[in-house]
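In what follows, a structure is listed as structure tokens, so that the remarks can point back to it.
So that the names make sense, note that chain A is the first sequence line, chain B the second, and so on, each numbered from 1.
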Amino acid sequence: MTKNIYSNRLPVVQQLREANELSEYPKTVSDKRIILIDKTIAAYGYRRDALLEKLHVAQNIYGYLEKKILLHISEKLKIPPSQVYGVATFYNYFKLKKPGSHAITFCLGTACYVKGAEEILSAVEREFNVKRGETSADGKISIFVTRCVGACAMAPNVIIDDEMIGKATKETVLDKIRSLL
Amino acid sequence: MSERTVKLVIDGREVFAKPTDTILKAAKDNGIYIPTLCYLEGLTAYGGCRLCVVEVKGNPKLMTSCTTPVSNNMEVITNSPRLNKYRKQIIELLLAERTHTCSVCVANGSCELQELATRFGVDHTSVSRNWKRFEIDMTHERFVLDHNRCILCTRCIRVCDEIEGVHVLDVKRRGKDSSIVIDLDEPWAASYSCTSCGKCSAVCPVGAIYVKLKPLSETKKKELPEFVVERRRR
Amino acid sequence: MAKVKVATVWLSGCSGCHMSFLDQDEKIIELAEKIELVYSPIVDIKDFPENVDITFVEGAVANEEQLHQLKTIRERTKLLIAFGDCAVTGNVVALRNMFQDSVKEVLERAYVENVDHSKQYPTQVPKLLENAHPLHEVVKVDFYLPGCPPSAELINYVLNEILDGRKPSLEGRFKFG
Amino acid sequence: MKPEEIQKIAEIEHDMRMAYKYRIKVCCSSGCIPFGAQKLLKAFEDAVKELGLQNVCKVARTGCVGTCSVAPVVLIDPGNHLYQNVKPEDAKRIVQEHVVNGRILEEFVYKNEAYFSKQYRLVLRNAGKIDPLRIEDYISVGGYSALAKALTQMTPEQVIYEVTVSGLRGRGGAGFPTGQKWNFVAKSTAKPKYVVANLDEGDPGVFANRTLAEADPHAIIEGMTIAAYAVGAEKGYIYIRSEYPLAIQTLKKAIEQAKSYGLIGDNILGSTFNFDIELRLGAGAFVAGEETAILSSIEGLRATPRPRPPYPAVSGLWGKPTLINNVETLANVPLIILNGGAWFSKIGTPKCTGTKCFSLTGKVRNPGLIEVPMGITLKEVVYEIGGGVPEGRKFKAVLVGGPSGGCLPESMLSLPIDYESLTQAGAIMGSGGIVVIDDESCIVDTARFFIDFCMDESCGKCVPCRAGLPKVREILDKIMVGEGTEEDLKVLEELSYLIKDASLCGLGQTAPNPVLTTLNYFKKEYLSHILDGKCPAGKCNIKRMEVVKK
């Protein structure tokens, strides 16, 4: 007797879906911004190799890479979803979670580290109760860590919402963040 | 089919190999043992576990025998105190990387990592063991994916991609945080691309992917059928 | 010729390794001619003696008493053998290390969740360590004899080799688990 | 476009330039922009307009001059006067005094002669001279004439010959002879062939390649095109870090300009040679700078390295022959073609010719981007160019070669900078990072920092690197909180050798260098942590690090 493996799995899938542990299938994205991604895909002639470029575009549009976007790209380019996911999670630049409204990026490159960036970072973590790589509970700030922004001569550097603070100190950074909240 | 026209020396023995052979193949054909773990004949060589490294005369670097093709007059050493020390250390690192507790593992007795530890006399790990808890995916009706026992050899990924032709599995994240992922990091039962063929469980060298309620000794395949290997070669 | 002084110790483990030791059956009689068992869970001696030649330690180090005990054993033993997987790797005993705040979780499960009457944490027993450790994380170990349990033949082989003044070679002979 | 037209553009540009008596150049590179370079440029333009000097004085942007610690900077020609820490509100006064009154404002002038006198600017020849956003500027200083020479007067073999004679070696770190590499690719018969310019400079504390791309993008494009002609490639990729937005914009614009001038594309300079360049963005993965990982990344895959052989020269991008060169290597090529390989081989040392760009950072008085001839000693770099360690502190070590470089003590400072000497000392050339640390920094902490970096950046493919580096870090952590033992040092060393010898790619093979060199030169400091429970720098033992026990 042959069994339909797919139908047999349905009850489990159903349970998981009810427990809200699954992203929705089938994969329709009813969002106008998706057209922009489609255009890029078409511009590259549906070439699979330019996957990184498409993920860049998607992240620029949405701010982060939701699973449904990854799935959309996977469908359009005919790349297995696991491969898209593997690529998206390999590179630090791609974010799969929604970031907070203010991004605070600490450079932990050699020069900044030697000049005490770690101390500033710890102070910020303590004061605002957010760990590096995470977003605060109220969704207001996210702390990111990067390895060198390339302004080593001005170390330590902290980037707060696209504004670079060079030769940063605990006080300047904390004051700046406080003023944002 | 090409002839064995390449002459090389492995461990002081003169052997002949086909020009398309790797060092590993040439050694195996001549009954010379080189340990492997991520390698499985019939799948693309990966070069990740580094157990099959050998010394090639004139090359300061260690070469993975599973990926390095033979060449004329090559002199290979597969067995030296340095190589065996490195192999022992690699086995130690693998045992220490995740929670490999043989006594409570389904693969106990048919595990390639366990066998390697025995063979190389890795009687303990000098580095401390990692006791971090990893996820176990038991959602699938027939298979289990237990990340605690995974050694990231990627045999499952390659067999799924190259032989089943689906590529359900891949690696997510990187470095020490790498792990096997199904589709978009979904529970196995929810995978919409998996065909439940079970090849991944058959080729897993450890107890990371296995068939529920079946002894591993029954479901495990140490080699792919020869005709499959031959078809892949063509 | 003086007999070699051998001790066996049972820390956190299931005593399976000791069972396997006893499984040497008739060969134990031959051994008895060469060794003197000066301390063991199966003999009635309370304190660990001085100047022991060989000590087999079964089990992982899981509480403060064992930690103290093991350090004493180390001081008084010439050759310390980590006996069985628990002593070598931590094995099942160390599986609790995977839990966050494992001491609390273990006690909770054993003394509260699964208890019907007078649920309470024990107070009269030694304090559990935060993590269970294999022996070599605490003291220097001279020889590792893995297996869950090591087979009687392997134990016999190792002991005889040591008694004959050779270093036993485990390559291809032992098996974890 | 014909080769003669390049000459013509150069002449016109030169005349235009000479029409102005003064040229004010504002550095608009990543080092200066965060400190208001754009506003400053605008302020100077306004000031010139306000004073009615539009016909006397030309205001333009330019690339990095290397003195990033006094940003933003402004250069005024003639005389190449370097003004430092200029604010927009100073612009008018500077124009008034310098241009109108002919008086140099001493308070702004950068007064560190030694910083420049020991340098030799070859790769960065145009940084601070031309406007990187104008191809005409590049042509006016002789740009693209090397390409014209190669295409019209030389065969591909002759080009390779000159590069071989020059002794140029890969600037990406490993120092493989460039001519030899080109030869391998040229000999491969498979088609098509590819050229990849590596601009994935991920080392923390290194920004030489970025500076080059921002200051002189056309030098990269020209070098790449010559390389493509030499090896017979028709398609090129520049792989650049996504963290370098300005460099990306600059390169994009430069590629467009080169295309519109017919300097890349089909039938370049009227020849039958076609070559197209595409920009590819990285996404934050240090390992993607590795020679084979970069190929995976361009193919849209996880940037994991591939075993060699097959070498990229035989089987690279999509299995085709591929030439991979660092952009700094490529930027040298036009000079070699114009002046000949023999000329180039006289710069530097006989075995290591030419120059190398370094990012000099850490505890030195004059941090910044420098370019020095090969063979210069570390002492000259640290003390003469860098000005030594700031007042009141003591020099402890210098880290050469980025996160996987070596940590060298004072006694090694007389070491000349070349590939062999550095490797022998346990360091590497790497992508050119020099970080000076003083007695405030703990050696164990420093080693841990670099191991941490490599661990985060490890791709996870091979076991020694993936599983070994976390263990190395664990042991260092243990030592830092005073729980280490001498046995740990032994394990540390053994693990380091395993990772160095058995790892798949350059990242793993060099990752233990900081540990091995510090164990070699600073063992005392490790022992003082272990035996005396003391950190000589007073940095450790504060239990701020979470010790990994689980």
Side-chain angles (χ1 to χ4, degrees), chain B residues 33 35 79 81 83-85 87-89 91-136 146-151 205-208 210 215-217, chain C residues 13-14 16-17 20 57 59-62 80-102 105 129-151 154 158 167-177:
Chain B
Y33 171 79
N79 198 334
L83 288 174
N84 282 334
K85 190 174 162 230
R87 286 171 185 155
K88 275 174 103 158
Q89 280 181 300
I91 297 166
E92 271 188 45
L93 284 176
L94 280 171
L95 287 170
E97 193 185 14
R98 294 191 181 186
T99 356
H100 292 283
T101 308
C102 302
S103 55
V104 291
C105 177
V106 284
N108 190 357
S110 24
C111 170
E112 293 180 36
L113 180 60
Q114 191 186 24
E115 280 166 26
L116 283 165
T118 300
R119 180 162 196 143
F120 284 88
V122 179
D123 52 13
H124 75 293
T125 57
S126 55
V127 289
S128 66
R129 288 184 164 231
N130 185 2
W131 291 105
K132 196 179 155 241
R133 196 173 176 182
F134 293 87
E135 205 186 319
I136 304 175
D146 182 350
H147 292 284
N148 291 291
R149 293 163 183 163
C150 178
I151 54 167
V206 289
Y210 58 92
L216 216 78
S217 47
Chain C
C14 68
C17 301
S20 195
V57 183
V61 186
L80 193 147
I81 298 177
F83 185 31
D85 274 1
C86 294
V88 174
T89 71
N91 204 17
V92 179
V93 183
L95 284 177
R96 75 164 160 99
N97 300 356
M98 286 202 277
F99 299 96
Q100 285 274 315
D101 205 355
S102 66
E105 248 188 84
L129 297 171
E130 196 189 326
N131 284 320
H133 299 279
L135 306 188
H136 68 275
E137 283 183 16
V138 181
V139 296
K140 187 174 170 289
V141 171
D142 302 305
F143 191 79
Y144 298 88
L145 179 49
C148 188
S151 67
L154 186 63
V158 168
K167 189 173 188 263
S169 155
L170 284 190
E171 277 176 32
R173 285 200 171 87
F174 78 103
K175 171 174 146 310
F176 281 117

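Between the side chains of B:S103 and C:N91, a donor-acceptor pair is found at a separation under 3.5 Å.
The minimum heavy-atom distance linking C:V92 with B:T101 is given by the pair N-CG2, 4.1 Å. The two atoms that bring B:S128 and C:E137 nearest to each other are CB-OE2, 3.8 Å, heavy atoms only.
Heavy atoms closer than 4.5 Å to chain B are found in both the backbone and the side chain of C:A94. Heavy atoms of C:L145 lying under 4.5 Å from chain B are absent altogether.
The distance from atom CG of C:L95 to atom CZ of B:R133, rounded to the nearest 0.5 Å, is 10.5 Å. One finds the OG1 atom of B:T118 at 12.5 Å from the CZ atom of C:R173 (value rounded to the nearest 0.5 Å). Remark: C:T89 OG1 to B:D123 CG distance equals 11.5 Å, nearest 0.5 Å.
Under the ring-ring contact (aromatic ring centres under 6.0 Å, His included) test applied with B:H124, the options C:Y144, C:F176, C:F174 reduce to a single match, C:Y144.
Residues B:N148 and C:M98 form a side-chain contact, since some pair of their non-hydrogen atoms from C-beta on lies under 4.5 Å apart.
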